[in-house]
Amino acid sequence: MSGRGLTVPASGKVPVSGKVRRLTRCGGLWPQPGGPLLFTSSVVDLFTRRAFVEMWGRTWARLPRDVQRTITAHWRSPAMRAAWGDPSVRLVRSLPNEWGHCTDHGMTLRLALAALTRDGEWVSSLLAHELAHVWQAATGPVGASVTDDARDEHDVDWLLFAWGFAPLA
């Protein structure tokens, strides 16, 4: 059931086994009040969710403040939300030939669940890598799409270095 997901609203409350739990105690996924987080509920248990939220929070905190503001403004943009829906992060069983993917002009991030078993610094670099694609979408020309061509990837590697993350090997 990887196509169906569990949406975590801005309140940070998520239904788990008939109960509601706050994920914001784990560092919060959404850096400021505003959008949902989509998890694939049949794949991810509560422990994995909490570990991911903590890693997301640590990664987000390492981004330069202007990058955080740019990404947040992009995700909150009424025009982007009208065109692409609410921003979401999905943990999925697998992605063909990749660990993560940014789509919908930076509004959707998909991450392979297996990536979370890797070293914490590597996972942080993966999250920063996908957030760099969001930043590219937010700062690119109007109507430009986020693609995974060689130039975009080269630029992302440079951004990771500038932001203090190791480029993915």
Side-chain angles (χ1 to χ4, degrees), residues 2-15 21-41 44 48-92 95 98-113 115-116 123-149 152-153 155-160 162-165 168:
S2 61
R4 308 269 311 158
L6 177 65
T7 299
V8 178
S11 68
K13 294 181 180 178
V14 54
R21 308 214 184 204
R22 288 184 86 62
L23 292 183
T24 53
R25 292 182 188 157
C26 303
L29 178 66
W30 200 255
Q32 297 173 3
L37 164 67
L38 185 67
F39 280 111
T40 53
S41 58
V44 182
T48 305
R49 272 184 230 146
R50 285 183 175 162
F52 176 72
V53 168
E54 288 173 8
M55 180 60 71
W56 177 278
R58 286 194 300 269
T59 302
W60 182 264
R62 289 176 58 189
L63 295 175
R65 296 288 179 235
D66 63 318
V67 171
Q68 292 177 3
R69 284 190 294 272
T70 299
I71 291 172
T72 300
H74 179 72
W75 281 339
R76 289 183 173 175
S77 164
M80 292 304 297
R81 292 173 81 128
W84 301 101
D86 291 331
S88 65
V89 177
R90 300 189 79 189
L91 299 176
V92 297
L95 290 168
E98 57 189 351
W99 292 104
H101 192 75
C102 177
T103 60
D104 302 335
H105 295 275
M107 297 299 279
T108 303
L109 302 179
R110 288 181 179 80
L111 303 165
L113 187 59
L116 301 183
V123 175
S124 193
S125 288
L126 172 65
L127 294 174
H129 177 99
E130 298 310 326
L131 288 167
H133 284 301
V134 176
W135 186 85
Q136 286 176 322
T139 59
V142 174
S145 65
V146 175
T147 63
D148 285 335
D149 66 14
D152 283 348
E153 293 302 322
D155 291 348
V156 164
D157 285 343
W158 185 88
L159 288 169
L160 289 180
W163 296 346
F165 294 91
L168 297 173

Would you please test Arg58 and Ser124 for side chain to side chain donor-acceptor pair (under 3.5 Å) and show each step?
-> CA-CA 8 Å; Arg58 286 194 300 269; Ser124 193; over 6 Å; no
Search all heavy atoms of [X] against all heavy atoms of [Y] and return the closest pair with its distance.
X: Gly164; Y: Arg62; answer: O-NH2, 2.8 Å
X: Thr59; Y: Ala128; answer: CG2-N, 3.8 Å
X: Trp56; Y: Leu131; answer: CH2-CD2, 3.8 Å
X: Leu160; Y: Leu168; answer: CD1-N, 4.3 Å
X: Gly106; Y: Cys102; answer: CA-SG, 3.5 Å
X: Ala132; Y: Leu159; answer: CB-CD1, 4.0 Å

Is there side-chain contact between Val123 and Trp99, with at least one heavy-atom pair below 4.5 Å?
->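 Val123 vs Trp99: side chains apart.
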Can you find a pair of side-chain heavy atoms, one from Leu111 and one from Phe52, that are under 4.5 Å apart?
->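 With C-beta onward as the side chain, the pair touches.
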Aromatic rings Trp60 and Trp75: how do their planes relate, parallel, tilted or perpendicular, breaks at 30° and 60°?
->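 Aromatic pair Trp60/Trp75 classed parallel.
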Would you check if there is a donor-acceptor pair between the side chains of His133 and Glu130 at a distance under 3.5 Å?
->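 No - no donor-acceptor pair under 3.5 Å links their side chains.
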If you round to the nearest 0.5 Å, how far is [atom2] of [Y] from [atom1] of [X]?
X: Leu91; Y: Arg110; atom1: CG; atom2: CZ; answer: 11.5 Å
X: Ile71; Y: Asp66; atom1: CD1; atom2: CG; answer: 9.5 Å
X: Leu127; Y: Leu109; atom1: CG; atom2: CG; answer: 8.5 Å
X: Leu126; Y: Leu116; atom1: CG; atom2: CG; answer: 8.5 Å

Name the one of Arg81, Met80, His74, Arg76 that satisfies side-chain contact (heavy atoms from CB on, under 4.5 Å) with Pro87?
->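 With Pro87 as partner, Arg81, Met80, His74, Arg76 yield a single side-chain contact (heavy atoms from CB on, under 4.5 Å), made by Arg81.
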